[in-house]
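In this text, all values refer to a predicted model and were calculated from it rather than measured experimentally. We number each residue from 1, following the sequence as shown.
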Amino acid sequence: MEEQIPTRFEKNVAGDFYTTGECLACDAPESEARDLLAPLEDDNFDTYFVRQPETAEEIERACRALEVCCVAALRYGGTDPKIIRRLGNDPEYCDHLLPGGLVPRPDWLAEQRNNNADLEKPKWWQLWKK
């Protein structure tokens, strides 16, 4: 049985990256790709792509936006094998999969932590131990 491709939310700009309209408006995807997704301000509570990524850096940010969405409401509908691999060949994110199943995704959050000294500060709950 073939899995059905989700319906694209009508507010999305045409292109490979899209949302389903089921996002919870938590601002996590928008914080990863502010220039690609509609801002959650004024009366907008919908997450959708207002612009498709064009550069490698924008594609990476779009991929991160997909990964931080807690309800898997952002998707990649294209067929670029490099992007599909970047997203782990995961049906949670990709409409079209490569043969061979899931592949390890880069741990961009760990890399970000290693490069960001502010994230090395003690967590709020660790302050109580002192």
Side-chain angles (χ1 to χ4, degrees):
M1 184 172 140
E2 192 171 312
E3 202 168 312
Q4 190 172 14
I5 294 175
T7 303
R8 291 172 181 253
F9 186 50
E10 65 274 359
K11 290 184 178 181
N12 286 291
V13 67
D16 292 340
F17 286 90
Y18 70 96
T19 67
T20 63
E22 298 170 357
C23 201
L24 301 176
C26 70
D27 203 39
E30 288 81 1
S31 68
E32 291 297 332
R34 291 247 177 247
D35 57 333
L36 303 175
L37 294 165
L40 295 174
E41 53 189 34
D42 301 325
D43 290 335
N44 179 45
F45 299 103
D46 296 324
T47 296
Y48 57 95
F49 280 87
V50 294
R51 188 170 73 75
Q52 290 293 315
E54 296 174 1
T55 66
E57 187 268 334
E58 288 175 342
I59 290 169
E60 176 60 24
R61 288 189 295 108
C63 289
R64 284 191 256 179
L66 270 67
E67 293 173 327
V68 300
C69 181
C70 60
V71 292
L74 282 73
R75 299 193 53 86
Y76 176 66
T79 57
D80 184 327
K82 186 175 179 181
I83 296 173
I84 294 170
R85 275 194 226 60
R86 163 60 184 86
L87 292 168
N89 200 32
D90 192 334
E92 184 173 326
Y93 305 118
C94 303
D95 292 351
H96 308 285
L97 300 176
L98 304 172
L102 295 174
V103 296
R105 290 194 305 265
D107 190 353
W108 60 269
L109 185 56
E111 183 179 316
Q112 183 179 14
R113 283 188 183 120
N114 291 336
N115 295 332
N116 190 338
D118 290 339
L119 294 174
E120 299 302 320
K121 293 179 181 177
K123 306 291 187 244
W124 66 269
W125 65 87
Q126 293 170 331
L127 298 174
W128 294 104
K129 294 180 181 179
K130 293 183 179 188

Closest non-hydrogen contact found for Lys11 with Tyr48 is O-CD1, 3.2 Å
Non-hydrogen side-chain atoms of Asp95 and Pro6 separated by less than 4.5 Å
yes
Test side chain to side chain contact (heavy atoms under 4.5 Å, CB included) on Ile59 and Arg86; report intermediate values, then the result.
CA-CA 10 Å; Ile59 290 169; Arg86 163 60 184 86; over 6 Å; no
Distance col, row Arg8:CZ vs Phe17:CZ, nearest 0.5 angstrom, shows 11.0 Å
Closest heavy-atom pair and its distance - Leu37, Ala65:
CD1-CB, 4.1 Å
Can you tell me if Thr19 uses its side chain to pair, donor with acceptor, with the backbone of Thr47 under 3.5 Å?
yes
Rounded to the nearest 0.5 Å, what's the gap from CG on Leu40 to CG on Asp27? Could you check?
5.0 Å
hydrophobic_cluster_shared for Phe9 and Val50, side chain cutoff 4.5 Å
yes
Does some side-chain heavy atom of Pro91 sit less than 4.5 Å from a side-chain heavy atom of Leu102?
yes
Which heavy atom of Ile84 sits nearest to which heavy atom of Leu97, and what is that distance?
CG2-CA, 4.5 Å
As an exercise, state the distance from NZ of Lys82 to CZ of Arg85, rounded to the nearest 0.5 Å.
9.5 Å
Just verifying a value: how many Å separate Leu87 CG and Glu92 CD, rounded to the nearest 0.5 Å?
10.5 Å
Is there side-chain contact between Leu66 and Tyr76, with heavy atoms separated by less than 4.5 Å?
yes
Minimum heavy-atom separation for Leu24 and Cys70, please, with both atom names.
CD1-SG, 3.9 Å
Work out which heavy atom in Glu32 is nearest to a heavy atom in Arg61; give both atom names and the distance.
O-CB, 3.4 Å
Side-chain contact test, heavy atoms from C-beta onward, threshold under 4.5 Å: evaluate it for Phe49 versus Leu74 and give yes or no.
yes
Look up atom CD in Glu22 and atom SG in Cys69, then write down how far apart they are to the nearest 0.5 Å.
9.5 Å
Donor-acceptor contact below 3.5 Å, side chain Asn89 vs main chain Val103:
no
Any donor-acceptor pair under 3.5 Å from Asn44 side chain to Pro39 backbone:
yes
For the student: nearest non-hydrogen atoms of Arg51 and Val13, plus distance
N-CG1, 3.6 Å
Heavy atoms, side chains only, cut-off 4.5 Å: are Ile5 and Arg75 in contact?
no
At what distance, to the nearest 0.5 angstrom, does CD of Gln52 lie from CG of Asn12?
8.0 Å
If you apply the rule side chain to side chain contact (heavy atoms under 4.5 Å, CB included), what do you find for Ile83 with Cys63, and how did you get there?
CA-CA 8 Å; Ile83 296 173; Cys63 289; 4.2 Å; yes
